2 protein chains.
Amino acid sequence: MKIGELAKAAHVEVETIRYYERIGLLPAPSRSPNGYRAYAGGHLERLAFIRHCRALDIALVDVAQLLRFVDDPTTDCAEVDALIDSQLTRVRARLDTLQMLERQLVALRNQCGAPDRAAQCGILHELEAPTRGDVCVCHDEHAQ
Amino acid sequence: MKIGELAKAAHVEVETIRYYERIGLLPAPSRSPNGYRAYAGGHLERLAFIRHCRALDIALVDVAQLLRFVDDPTTDCAEVDALIDSQLTRVRARLDTLQMLERQLVALRNQCGAPDRAAQCGILHELEAPTRGDVCVCHDEHAQ
DNA sequence: CACACACCCTGTAGCCACTACAGGGTCAAG
DNA sequence: CTTGACCCTGTAGTGGCTACAGGGTGTGTG
């Protein structure tokens, strides 16, 4: 299997595959006489695993850790649980932040009184509020 | 006001301020005889504006655009509305994705049957599912 | 006066997970 | 024989900072 075929099969960009090889996530395949990478079925499996993890927004360092568990099935897997838990915690924290953010943006959007000059723009006015020490519609400047 | 004082006042790292200056977001201040940056009140205002936008997760290029409106209050501000709207759209899309992600992670977490060897780990088993073409608890590999 | 320590300066490199070239080689079809 | 699709390596760019290295300045203490 050439790199382009692997890319299509795994729904991944060719450059991404080379990148995974470079950082040691995907083992370097053998080469055809012309120097092209020649992949076997195992590579597709591993790449699918990586992409599945990435779809779950698991960081590549964590994916590497999971792959080590896959490669050595005799190890204790409590860390797998912990890894998924911390991932879940991270996602939930980000969800909270984004929900707050959405409320703030909606409040901001409602400031627009349909004027046509920036000088009268309620949104800009609102964004400038904290620079005057005023209370703003967001009420929380430290969201992130 | 020295850079450290400005940093404290705006709850920003010193390096971030220098970075904003480097990319042209914050105007270069005058210098004291010793070469230290000497900031005036306007700089704090502008920095507060930037941080407020950043707290709303508005990209720096968009912040730059908003600052242009602030600097020239006679321009049409319909673009301000559009910018906030597209921001809101982006945040909502990300919210949807994260909610899906959370459900997937919860489903994954529930796969753990409290085994102690990676070989029997339900989570690893589940993460490997797509590599065998099986249906996985996520049911959607293209979440991002 | 000597020294420590906090702060300031510039410039560069690192982070993450890719993405996008530049500049070249290989191969099959028409 | 040329076109075009694919492959190769290596490097640089993205965003929004953050973290040095290697120096200078200013203030307080012994």
Side-chain angles (χ1 to χ4, degrees), chain A residues 1-26 28-39 43 46-47 49-67 86-87 90-91 94 97 101 142-144, chain B residues 1-26 28-39 43 46-47 49-67 86-87 90-91 94 97 101 142-144:
Chain A
M1 199 167 18
K2 284 191 290 183
I3 197 169
E5 293 160 356
L6 179 64
K8 270 211 189 70
H11 307 284
V12 171
E13 294 293 316
V14 165
E15 287 88 354
T16 305
I17 296 174
R18 285 198 278 249
Y19 169 70
Y20 286 164
E21 180 183 324
R22 201 160 60 245
I23 63 171
L25 210 58
L26 201 60
S30 56
R31 298 282 179 138
S32 304
N34 58 12
Y36 290 8
R37 288 172 179 81
Y39 292 98
H43 285 101
R46 202 171 180 92
L47 188 51
F49 182 93
I50 295 170
R51 292 314 289 182
H52 192 191
C53 291
R54 288 296 301 136
L56 293 168
D57 214 20
I58 297 174
L60 287 182
V61 279
D62 294 336
V63 175
Q65 180 66 40
L66 289 173
L67 281 169
S86 79
Q87 185 64 17
R90 220 175 47 74
V91 166
R94 186 69 186 139
T97 302
L101 205 51
H142 304 294
Q144 174 53 304
Chain B
M1 198 168 18
K2 285 192 290 184
I3 195 169
E5 293 160 356
L6 179 64
K8 271 211 189 69
H11 307 284
V12 171
E13 293 294 317
V14 165
E15 286 88 353
T16 304
I17 296 175
R18 285 197 278 248
Y19 169 71
Y20 287 165
E21 180 182 325
R22 200 161 60 246
I23 63 171
L25 210 56
L26 201 60
S30 56
R31 298 282 178 138
S32 304
N34 58 10
Y36 290 9
R37 287 171 179 81
Y39 292 98
H43 286 101
R46 203 173 179 89
L47 188 51
F49 182 92
I50 296 170
R51 293 313 291 182
H52 191 192
C53 290
R54 289 297 300 137
L56 292 169
D57 213 21
I58 296 173
L60 288 181
V61 277
D62 293 336
V63 176
Q65 180 65 40
L66 289 173
L67 282 168
S86 78
Q87 184 65 18
R90 219 175 49 73
V91 166
R94 186 70 185 137
T97 303
L101 204 51
H142 303 292
Q144 169 55 316

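Because the structure is a prediction, the values reported are computed rather than measured. Note on naming: letters A, B, ... go to the chains in the order of the sequence lines (proteins, then strands), and numbering restarts at 1 for each one. No hydrogens, no waters, no symmetry mates; every other heavy atom, side chains included, goes into these values.
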Between [N] ([atom2]) and [X] ([atom1]): distance, integer Å:
X      : N       : atom1 : atom2 : result
Y19(A) : dA12(D) : OH    : P     : 17 Å
L47(A) : dC18(C) : CG    : P     : 11 Å
E5(A)  : dC7(D)  : CD    : C1'   : 11 Å
R31(B) : dC8(C)  : CZ    : C1'   : 10 Å
E13(A) : dC6(D)  : CD    : P     : 13 Å
I17(A) : dT19(C) : CD1   : C1'   : 14 Å
E21(B) : dT18(D) : CD    : P     : 17 Å
L60(B) : dT18(D) : CG    : P     : 12 Å

Candidates [options] - which lies nearest the side chain of [X]:
X      : options                   : result
E15(A) : dC17(D), dA17(C), dT19(C) : dT19(C)
R18(B) : dC17(D), dC8(D), dC9(C)   : dC9(C)
N34(A) : dT26(C), dG16(D), dC7(D)  : dT26(C)
I3(B)  : dC17(D), dC9(C), dC8(D)   : dC9(C)
K2(B)  : dC17(D), dT10(C), dC8(C)  : dC8(C)
Y20(B) : dC9(C), dC17(D), dC18(C)  : dC17(D)

Exercise. Can you measure from CG (L66(B)) to CZ (F49(B)) and round to the nearest 0.5 angstrom?
Key: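 Going from the CG atom of L66(B) to the CZ atom of F49(B) covers 5.0 Å.
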Handout entry: Distance in Å, T16(A) OG1 paired with I3(A) CD1, rounded so as to fall on 0.5 Å steps
Key =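 If we round to the nearest 0.5 Å, T16(A):OG1 and I3(A):CD1 are 9.5 Å apart.
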Exercise. Would you find a donor on one side and an acceptor on the other, under 3.5 Å apart, between the side chain of Q87(B) and the backbone of D62(B)?
Worked result: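 It does not hold such a pair.
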Notebook entry, point to check: Does one side chain, of Y39(A) or R46(A), offer a donor that lies under 3.5 Å from an acceptor on the other?
Noted result: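 Distance-only check fails for Y39(A) and R46(A).
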Query - Touch class at under 4.0 angstrom, heavy-atom based, for I23(B) against every strand present - result: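 Here I23(B) touches no strand at all.
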**Asked** Looking for any heavy atom pair under 4.0 Å, which part of the strands does R37(B) touch: base, sugar-phosphate only, or nothing?
**Response**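 Answer is sugar-phosphate: R37(B) comes under 4.0 Å of backbone atoms only.
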Practice task
Using only side-chain N and O atoms of T16(B), determine if any of them is under 4.0 Å from OP1 or OP2 of dT18(D).
Solution key: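 Yes, T16(B) has a side-chain N/O under 4.0 Å of OP1/OP2 on dT18(D).
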Query raised in the report: Taking OP1 and OP2 of dT18(D), is either one under 4.0 Å from a side-chain nitrogen or oxygen of R22(B)?
Result: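 No, no such contact exists.
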For this session: Only one of H43(B), M1(B), K2(B), R31(B) passes side chain to side chain contact (heavy atoms under 4.5 Å, CB included) with R37(B); say which it is.
Result: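 Considering H43(B), M1(B), K2(B), R31(B), a side chain to side chain contact (heavy atoms under 4.5 Å, CB included) with R37(B) is found only for R31(B).
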Checklist entry - So, does the side chain of Y36(B) form a donor-acceptor pair with the base of dG24(D) at under 3.5 Å? => result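 Counting by modelled atom types and ignoring angles, a donor-acceptor contact under 3.5 Å is found here.
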